[in-house]
Amino acid sequence: MKTGFSVFLAAFVALGASCFGLVYGPLKQLSGAKETTVLQSDAKWPQQRTGEATLGEQVYRANGCAACHTEQVRQDGFAIEVTLATLGTYKPEDFRAFVHSLFIMPELESVTNAIAASLRDWKGDLPKTFLVTADKEIAGKLVQSVTVPGVKAQLRLVAIGPDIARGWGPRRSAAADYLYDQPVQPGGLRAGPDLANIGVRAPDVNWQLGHLYAPKSVVPGSTMPAFRYLFEVRKAGAAPAPEALKLKEGFAPTAGFEVIPTAEARELAAYLLSLRANAPLLEAPFTPVFSGKP
Amino acid sequence: MNPNGNKSICANEIDASCRVPLLALFGGAALWLVLGLALGLAAVMTFHKPDMFADCAFLTFGRAQAAANDLLLYGFAIPAALGVMLWIFARLSLVPLALPIVPVVAAHLWHLGVLVGTMTILFGGSTGHPWLEYPRAVAVLLFAGFMLVAVSAAATMGFRQNRELYPSHWFLFAALLWFAWSYGTANLFLVCNHPPRGVVQAVIGWWLANNLIFVWLALAGTGIAFYFLPKIAGKPLASSGYALFGFLTLVFFGTWVGIPQSAPVPAWLPTASAFGALLSVIPVIAIALVARKTVCGAKVPCMGGPFCFIKFGVLSFVVSSLLYIGEFCPRYSRVLEFTWFNFGVTQWQLLGFAGMILCGAIYEILPRVMAGELPFPKLAKANFFLCSGGVVLYVIPLLIGGVEQGMKLRDANIPFADASAIALKFLRISTTGQMLILLGTLCLLLNIIVMTLQWKLGLVKTVVTVFKDSLVEGSAHQPLPCDKEAKS
């Protein structure tokens, strides 16, 4: 009988410890979380969603989009990018020759091949990234050596990893990104691409609506199921309604009918456009691209 | 010591006391199992024919898949395990089930909850937290049902004639405690009016998923296996020391697993889970050793009977647990995360481990409880071969496909569509397995339904005869025949 009681007590302690560690601990540490600020700026992060997008999150939840889509970008680490911002009076060929003349420097020995390869077919378009390295010192030395009057090169801290390389986001997802999600839906299966930054990648609401109605109409060969039940097919009036979808041949309904997104579909699209986890944070830093390009 | 020591307790009496509660628990469980598998099949059809349910909101992948998963866990695994537990507690205590009406009520509350929860998900009312999709009202129903079963189990223990505690007791009692605790906690925080803000929601969700699917199923399944294996093999459980060791390490370490390695949370959380996972290898090995030693040398034919089911279940437990643990190794998780691998492991745990052990236990218990043979013993055997073959065919392609998909996703030069396409190829094979499992579980359902009908028909007949007899003369009450003594 004694052993029975002590075994029970031990189990109780064990289960309590797990509850304390993995529920109470994170609650204590994370649930008081407030907005943070974007790195080197006063902008608050994350931004509140609009009312429509907030409703749209409920459509996303109700239809279980998270069963196929994650909202979580992963990252393996960091690298330094050396990017040419201005060329001054140099012609690309001259700059190439100039950089090649620097290859005798012993510090650059390990990266000469990479630099040469990235400049080989370069036509002079700017900004031009010509080295990505994990070594801060080499990058610093290179910038120092190529900076001559008129030429400006910059260092950028960038996140690396396959998710980043696929263009799913400029950095890993951070805890702060989920602050205004209710419920938080990170997802567990990537049957479809990650959506943490779909609002940056596909900012056109009509594209989103068309994709939801008939994924194959905008992504040939798509295996995403269509969500036609979020749309209404109705008889067209004399003039087509302004909100009717413009669908490609083969996806449009029979003549005389038009496809109107329901309120749910529009909210869902607004939610998708609100998904942009692309600001540098203290916990997930990177240097934003300095040109106008996203 | 034992005040009623000289009063012999009749095994038949104990079994009969469990009849109605167990029928209520098992009948519903088998029905949910079949429906869950059918719904899972409907869900996966989306991958074979993407636009199949484009106009049908109820069966869209996200809803059907969630409802199917919950049916397997909440509809089938938990109530079936509760039924088996009640019977084991009564048998080990050598007393009839205490308060038998309570688990009957509990079973109805539970099944009502599952029905409402499933409908809610299909109508778009899921909470959005994986494995916790049921709305608040359903969570309350399930919790109440569970507590009622626990009360009956505890009362049975309280009246026990046999003071000895067996390894099964530890596992099953911990399972009773831990479900109430973890399910209650998670619902209290996530399915309430003011859930905590931010990513901590996901942390609690991961914690619950691990504690239900890995820890709870391991506790319940192992407890049940440790009761039946020695009984069928006809020799005592080998080394209760190892069993105790396995139990303690499981509750101490297993409960810390669950936070994915790449989770966007403070780094100590995934690290704690990685260590928990590493140490969880110990209980898995310990349990495997105990089971192996117990089974080894037993001259019992297997032939698709309950022994087969339970042996297959334990083997599934060991392999699926090791794979699950592997997912938390930082090195492998990078490849395996977000692929079909995790889905495959979970299905293996649910169907290959819990499902097989529970089916075996039900086939072992039902004839005793109903005091009659199974109506279709051949179908019971078919059930084993269909389900064991089905599980292998269902899960292995998912695992391989998941690894392939994961490696392709790691290489950013391979387009996303190619990585998905390779997984879809494996998915096609796995759907065949799913169908086999569905066929197998239909055998279970058929056996239970026909047995229940036979019993009800018998009841009606008895009532009629008693009524007739009482018209003739004051008929004597027939005590139950007691042909064998109860033995733990």
Side-chain angles (χ1 to χ4, degrees), chain A residues 1 3-4 7-8 10-12 14-15 17-19 21-23 25-27 29-31 33 61-68 70 72 74 76 162 165-166 172-193 215 221-229, chain B residues 46-47 50-51 53-57 60-63 65-66 124-130 163 165 170 173-174 177-178 181 185 189 195-204 207 244 248 251-252 255-256 258-259 262 264-266 269 272 338-340 342-343 409-412 416-417 420 424:
Chain A
M1 211 38 237
T3 53
V7 170
F8 183 76
F12 198 85
L15 304 179
S18 151
C19 189
L22 290 190
V23 177
L27 271 173
Q29 187 179 2
L30 288 170
S31 72
R61 166 191 62 71
N63 294 295
C65 305
C68 282
T70 54
Q72 186 198 325
R74 299 175 299 177
D76 288 353
R166 283 182 190 281
R172 71 177 177 86
S173 292
D177 297 343
Y178 302 89
L179 193 64
Y180 293 134
D181 290 1
Q182 174 52 42
V184 173
Q185 302 174 80
L189 175 66
R190 279 183 180 163
S222 168
T223 51
M224 164 148 154
F227 287 86
R228 286 201 290 268
Y229 62 81
Chain B
T46 295
F47 285 99
D51 289 351
F53 299 117
D55 297 302
C56 177
T60 189
F61 180 75
R63 296 187 190 179
Q65 184 69 62
S126 140
T127 65
H129 301 292
R163 310 298 297 177
L165 283 179
W170 314 325
F173 252 108
L177 173 70
W178 197 216
W181 190 336
T185 307
F189 282 117
R197 276 208 301 183
V199 77
V200 66
Q201 291 183 2
V203 175
I204 297 176
W207 174 77
L244 178 62
L248 288 177
V251 289
F252 268 102
T255 50
W256 281 82
I259 315 294
S262 75
V265 293
L269 284 165
F338 302 145
T339 68
W340 285 99
N342 176 266
F343 184 80
L409 282 180
R410 284 293 298 169
D411 183 349
F416 178 82
S420 303
L424 288 192

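Excluded from the calculations below are hydrogen atoms, water molecules and symmetry mates; all remaining heavy atoms, backbone and side chain alike, are included. All chains are named by letter (A, B, ...) in the order of the sequence lines, taking the proteins before the strands, and each is independently numbered beginning at 1.
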Heavy-atom distance under 4.5 Å to chain A: side chain of [X], backbone, both or neither?
X        : result
B/Phe416 : both
B/Ala417 : neither
B/Gln201 : side chain
B/Pro130 : neither
B/Asp55  : both
B/Trp181 : side chain
B/Leu409 : both
B/Thr339 : backbone

Run the salt-bridge test on B/Arg410 and A/Asp76 with the 4.0 Å N-O cut-off and return the result as yes or no. yes
Interchain contact, [X] with chain B, by part (heavy-atom threshold 4.5 Å):
X        : answer
A/Thr70  : side chain
A/Phe12  : both
A/Gln185 : side chain
A/Asp177 : neither
A/Pro186 : side chain
A/Ala66  : neither

Please name all residues satisfying salt bridge (Lys or Arg N to Asp or Glu O under 4.0 Å) with A/Arg61, sequence neighbours left out, ordered by chain then number. none
Sequence neighbours left out, what passes salt bridge (Lys or Arg N to Asp or Glu O under 4.0 Å) with A/Arg190? Give chain and number order. A/Asp163, A/Asp194
Between B/Trp178, B/Phe53, B/Phe343, which has the largest tally of heavy atom pairs under 4.5 Å with chain A? B/Trp178
